[in-house]
Amino acid sequence: QVQLVESGGGLVQPGGSLRLSCTTSARIFSIAAMGWHRQAPGKQRELVAEMSSGGTTNYADSVKGRFTISRDNAKNTVYLQMNSLKSDDTAVYYCRLRTFATYWGQGTQVTVSS
């Protein structure tokens, strides 16, 4: 069973920054595509950022230039650096690992409010 453990969420003021992390024990991490999704109350879960095993990245238009996804294969960890946060970024953020199947983290709450 693949497990993903997220951390780094919290309350931040507009314009602030947070760094999310997601660590897994999965030995196939280095060859897996990793991503971050988010879901606001009453909304569908949406892709925020993803990175292939080869390092190719993809970002939602709403976060381009503000968010950065990165990975450390030695630590089996993927990160999401979030800068210039807006109220619209408020959501539960989920880590995703994809190989032959898709696995999700438990989610971490990010709240952007004055």
Side-chain angles (χ1 to χ4, degrees):
Q1 178 69 42
V2 173
Q3 294 185 5
L4 305 170
V5 180
E6 300 178 329
S7 63
L11 175 65
V12 64
Q13 295 186 155
S17 298
L18 285 174
R19 189 193 195 199
L20 307 183
S21 64
C22 172
T23 300
T24 181
S25 61
R27 288 191 284 264
I28 41 72
F29 175 85
S30 63
I31 60 171
M34 300 298 299
W36 290 94
H37 294 236
R38 67 186 181 188
Q39 186 169 21
K43 303 281 189 178
Q44 297 285 346
R45 188 174 298 186
E46 64 176 354
L47 173 70
V48 176
E50 61 183 355
M51 177 180 284
S52 72
S53 60
T56 302
T57 58
N58 182 43
Y59 296 92
D61 288 341
S62 60
V63 307
K64 286 181 179 177
R66 300 189 298 119
F67 290 12
T68 303
I69 186 171
S70 61
R71 65 195 294 165
D72 186 339
N73 288 343
K75 296 181 178 180
N76 278 19
T77 301
V78 62
Y79 305 93
L80 184 68
Q81 179 66 46
M82 304 185 293
N83 299 325
S84 301
L85 284 161
K86 308 173 181 179
S87 296
D88 288 348
D89 296 320
T90 296
V92 177
Y93 284 70
Y94 297 90
C95 178
R96 184 213 70 209
L97 180 153
R98 187 178 72 246
T99 54
F100 64 96
T102 300
Y103 303 90
W104 297 92
Q106 79 286 354
T108 184
Q109 177 71 48
V110 172
T111 301
V112 185
S113 179
S114 299

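A quick note: this is a predicted structure, and the numbers were derived from the prediction, not measured.
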For Lys64, all residues meeting side-chain hydrogen bond (donor to acceptor under 3.5 Å, both in side chains), sequence neighbours excluded: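 Expected list: Asp61.
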For Ser21, all residues meeting side-chain hydrogen bond (donor to acceptor under 3.5 Å, both in side chains), sequence neighbours excluded: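 Only Ser7 meet the side-chain hydrogen bond (donor to acceptor under 3.5 Å, both in side chains) criterion with Ser21.
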For [X] and [Y], indicate whether the former's side chain and the latter's backbone hold a donor-acceptor pair under 3.5 Å.
{"X": "Arg71", "Y": "Gly55", "value": "no"}
{"X": "Tyr59", "Y": "Ile69", "value": "yes"}
{"X": "Thr24", "Y": "Gln3", "value": "yes"}

Here's a test for you: under side-chain contact (heavy atoms from CB on, under 4.5 Å), which of Thr77, Thr108, Asn76, Val78 qualifies with Cys22?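 Result: among Thr77, Thr108, Asn76, Val78, Val78 is the only option passing the side-chain contact (heavy atoms from CB on, under 4.5 Å) with Cys22.
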Rounded to the nearest 0.5 Å, how far apart are CD of Glu46 and NE2 of His37?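 Reported to 0.5 Å precision, the distance equals 9.5 Å.
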Nearest 0.5 Å, please: how far is CZ in Phe29 from OG1 in Thr99?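 Answer rounded to 0.5 Å: 12.0 Å.
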With heavy-atom distances below 4.5 Å as the criterion, would you say the side chains of [X] and [Y] are in contact?
{"X": "Leu20", "Y": "Tyr94", "answer": "no"}
{"X": "Arg45", "Y": "Trp104", "answer": "yes"}
{"X": "Tyr79", "Y": "Asp72", "answer": "yes"}
{"X": "Leu97", "Y": "Ile28", "answer": "yes"}
{"X": "Thr90", "Y": "Gln109", "answer": "yes"}

For residues [X] and [Y]: do they belong to one hydrophobic cluster (side chain heavy atoms under 4.5 Å, members Ile, Leu, Val, Met, Phe, Trp, Tyr)?
{"X": "Met34", "Y": "Tyr103", "answer": "yes"}
{"X": "Ile31", "Y": "Met51", "answer": "yes"}
{"X": "Phe67", "Y": "Val12", "answer": "yes"}

Using every non-hydrogen atom in the two residues, find where [X] and [Y] come nearest and quote the distance to one decimal.
{"X": "Leu47", "Y": "Ala60", "value": "O-CB, 3.4 Å"}
{"X": "Tyr93", "Y": "Ala91", "value": "CD1-O, 3.4 Å"}
{"X": "Asn83", "Y": "Ser17", "value": "OD1-OG, 2.9 Å"}
{"X": "Ser30", "Y": "Ser53", "value": "O-CB, 3.6 Å"}
{"X": "Leu80", "Y": "Ala49", "value": "CD1-CB, 4.1 Å"}

Write out all pairs satisfying salt bridge (Lys or Arg N to Asp or Glu O under 4.0 Å) with one or both partners inside residues 75-91, taking only residues at least two apart or from two chains.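 Those involving residues 75-91 are Arg38-Asp89, Arg66-Asp89.
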Check Asn58, Thr56, Thr57 against Glu50 for a side chain to side chain donor-acceptor pair (under 3.5 Å) and give me the one that passes.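 Testing Glu50 for a side chain to side chain donor-acceptor pair (under 3.5 Å) against Asn58, Thr56, Thr57 leaves exactly one candidate, Asn58.
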